[in-house]
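Accompanying notes for the structure given below.
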Amino acid sequence: MPPPPPPLLVGVAPAPAATAPSFLHLPLHTRLRAAAPRAAATASVRASHSHEDDAFLLRRAADVADRSAGLTSPHPNFGCVIARPQRDADSPAEPLVVGEGFLYAEGTPCAELLAAREAGEHARGATAYLNLEPGDCYGDSTAVGSLVQAGITRVVVGLRHPLKHLRGKAIKALRSESIHVDVVGEDLQNKFFEEALMSCLTVNAPLLYRTAFHVPFSVLKYAMTADGKIAASSGHASWISGKASRGRVFELRGRSDAVIVGGNTVRFDDPRLTARHVKGHVPVRIVLSQSLNLPEEANLWNVNDAYTIVATQRGARRDFQKKLAMKGVEVVEFDMLNPRDVMSYCYDRGYLSVLWECGGTLAASAISASVIHKVCAFVAPKIIGGSDAPTPVGELGMSQMTQAINFIDVSYEQIDRDMLMSGFIQPIPDLSPVIPSMDEIPSVDPEVSPYETNIISFYKTWDTFGAFSNFSPYPIHMPDENGEYFTWPTVEHYYQAHKFVGVDNPQARTIVQDIKLAKSPEEAARIGRTRQKEFPELVRTDWEATKVDVMYRAIKCKFSTYPSLTNMLLSTAGSVLVESSPHDLFWGGGREGEGLNYLGRLLMQLRSEIRGTFPSNVEERDAA
Ligand SMILES: NC(=O)C1=CN([C@@H]2O[C@H](COP(=O)(O)OP(=O)(O)OC[C@H]3O[C@@H](n4cnc5c(N)ncnc54)[C@H](OP(=O)(O)O)[C@@H]3O)[C@@H](O)[C@H]2O)C=CC1
Ligand SMILES: Nc1c(N[C@@H]2O[C@H](COP(=O)(O)O)[C@@H](O)[C@H]2O)[nH]c(=O)[nH]c1=O
């Protein structure tokens, strides 16, 4: 083994480690924040990376990936960090990084190749950390090939590729080359990965939003006074925020594919909307104007600075449209000019991220249309007053403070004298499929390959596969608390009642009766859950150990009683079944894949059993 080389980067801030005990049970936005100081490493040499090191290096891969934000579009941001288990001699709290790389722009060498080149011989036997699964496609396998050739023996992946046709491909290719691959959330589920996962999600938030919602990731940015005004009542607005804040705005523009303003902002400010003072990407400028009553001369019509698109209402001032076209400005007519259609248009043009720098009128319209995902508010320590002075967001039709839109993952940063408050309006979608981990899959269904699979989600009974829900109206004939056969209106009735079955207490027996008579599965669930909370002493003591068996018996009875259900279940062969309940993180998959999906797993197990590929009881299973 070659002697350990010197570290490539110095002064990287120690990674905070999360403190939540079991983050997979929390909603994403809450599970990804808490931080505690990283424990100082004592040993100078380690045989392998600890979970803490893995999380630290993965975060670093995400930070490295972020260096080209705005430039890689329409490709995601990829970062690769190659590290060895030895400690860094200069800063022993950190593992030894031997190579780093990021995708600089579309068509440039991939992150894995750059990192492997930098690491040279030191890559042999080392671990590569990737914020995102490589998107090798169309015969180009440079990323995987570089890691294989470099002699990497282990790869840690933050996120699987969000695009369905690429998801899992590179991971599979690496594994087929006998490289050990750990994917966060599947193979690595430790508390240390909360922060690292958030970094991986954030760095590619635009791609994730685009994939999930079919619109570009949209950030609303404004600068306001301490009394909440974005201009004086005259409309004059330059400047509210200080120079340093405005420098930050240039950075935000440089990360965006387009910057949007409304007609009034053009009339009042005559903005340039360029990312001057920061080298790199220059976004397209888009003006939304229904009237097209815009000035003949404006900075935005100078397309030498940047490309400009004017989005307008069909038929508006055709003569003016021609004048704009003569200057090189593109005019796009919409049947009904509105933020959602403009965002669909931007999506079709391939934009990943858009910065809204409009006034409150258009901002309100965009928020109402649900196209804004994040807000960046610069607050300056000054007061301008004026009851008519414009504010950042116009009328939203809300009358009660309880209707207010609460930000998620809020952060605050002081920029010189100003304060930058940022927060998400809609959580970053985690598109990782809710599938059992690699080790668990064969025990759930030997016929499902976790890396080449479709996902079938069900939740509400009216969904296509809603019959799989425990609330679906398929009565089951099964023993009751006295051992006598009873027709339970739904699986939910049976399951809820069995929390209290066999408990020698009159109150418990009453609860069982109430659940048996419940008019709907919703009511059965409500009684079962509330009584369990109110009177935990009435719940059978073996409930946690037996609840999965109780459920399995009930769904087995349901599916074998109704041939149509058996057929429906068999028709899903090869797919992973997920109960997409956002609330129940044990039986369901959760809103963002954080749930354990036990109902889906049991259905897959039952499917295997019916197909004759899975032993029907534990003894047979153990003997197999
Ligand atoms: N401090 C800050 O961060 C900022 C301050 N400002 C200030 O704000 C003031 C302007 O604010 P405001 O009047 O709200 O301007 P906006 O930027 O919101 O522009 C509103 C205009 O947008 C056009 N528009 C097109 N489609 C829509 C739609 N669906 N909904 C709403 N508007 C649409 C219309 O243009 P048309 O009339 O041409 O049809 C409308 O009049 C100025 O004083 C400016 O200096 C502006 C931006 C940022
Ligand atoms: N007044 C104001 C902002 N205003 C926004 O910046 C635009 C001007 O951009 P440019 O012409 O490129 O410098 C303007 O039209 C409006 O969208 N921004 C801020 O960060 N701070 C401020 O105080």
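When a ligand or atom number is given, it counts from 1 through the structure's own listing order.
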Distance to 0.1 Å, residue and atom name: give those for the protein heavy atom nearest to [atom].
atom	answer
atom 8 (C) of ligand 2	Pro271 CB, 3.8 Å
atom 23 (O) of ligand 2	Ile240 N, 2.6 Å
atom 1 (N) of ligand 2	Ala237 O, 2.9 Å
atom 15 (O) of ligand 2	Asp269 OD2, 3.0 Å
atom 30 (N) of ligand 1	Ser365 OG, 3.1 Å
atom 14 (O) of ligand 1	Thr361 OG1, 2.6 Å
atom 33 (C) of ligand 1	Leu362 CD1, 3.7 Å
atom 13 (O) of ligand 2	Arg276 NH2, 2.7 Å
atom 11 (O) of ligand 2	Arg272 N, 2.8 Å
atom 17 (O) of ligand 2	Glu357 O, 2.7 Å

Can you tell which of [options] gets a heavy atom nearest to [atom]?
atom	options	result
atom 2 (C) of ligand 2	Trp239, Trp356, Phe378	Trp239
atom 21 (N) of ligand 2	Ser241, Gly359, Gly247	Ser241
atom 12 (O) of ligand 2	Arg253, His236, Met224, Arg285	Arg253
atom 4 (N) of ligand 2	Lys221, Arg246, Arg248	Lys221
atom 44 (C) of ligand 1	Val261, Asp269, Ile260	Asp269
atom 10 (C) of ligand 1	Val249, Val310, Thr265	Thr265

Quick one: does ligand 1 sit under 4.0 Å from the side chain of [X], the backbone, both or neither, non-hydrogen atoms only?
X	value
Ala364	neither
Glu357	backbone
Asn293	neither
Cys358	both

Ligand 1 N/O within reach of [X] N/O, cut-off under 3.5 Å:
X	value
Asn338	no
Leu294	no
Ile230	yes
Ala223	yes
Gly359	yes

- prompt: So which bit of Thr265 gets within less than 4.0 Å of ligand 2, heavy atoms only: side chain, backbone, both or neither?
  reply: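 For Thr265, only side-chain atoms sit under 4.0 Å from ligand 2.
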
Region of Lys243 engaging ligand 2 - heavy atom pairs below 4.0 Å: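 Looking at Lys243 and ligand 2, no heavy atom falls under 4.0 Å.
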
Numbered atoms of ligand 1 (with element) below 4.0 Å of Pro339, judged on heavy atoms: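 Reading through ligand 1 atom by atom, the close ones are 29 (N).
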
field: Sub-6.0 Å ring centroid separation between Phe458 and Phe465
entry: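 No; Phe465 has its ring centre 6.0 Å or more from that of Phe458.
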
Arg210 to Tyr347, cation-pi by 6.0 Å centre distance and 45° axis angle: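 The answer is yes, since Arg210 meets both limits relative to Tyr347.
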
Interfacing atoms of ligand 2 (cut-off 4.0 Å, heavy-atom, Val249):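 Under 4.0 Å from Val249, ligand 2 has these atoms: 20 (O).
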
- prompt: Are side-chain N/O atoms of Thr308 and Arg285 paired as donor and acceptor at under 3.5 Å?
  reply: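 Present: a donor and an acceptor within the cut-off.
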
- request: For atom 40 (C) of ligand 1, state whether the nearest protein heavy atom is under 4.0 Å away.
  value: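 It does not: no protein heavy atom is found less than 4.0 Å away from atom 40 (C) of ligand 1.
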
- prompt: Under a 4.0 Å N-O cut-off, is there an ion pair linking Glu297 with Lys327?
  reply: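 Yes, Glu297 and Lys327 are salt-bridged.
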
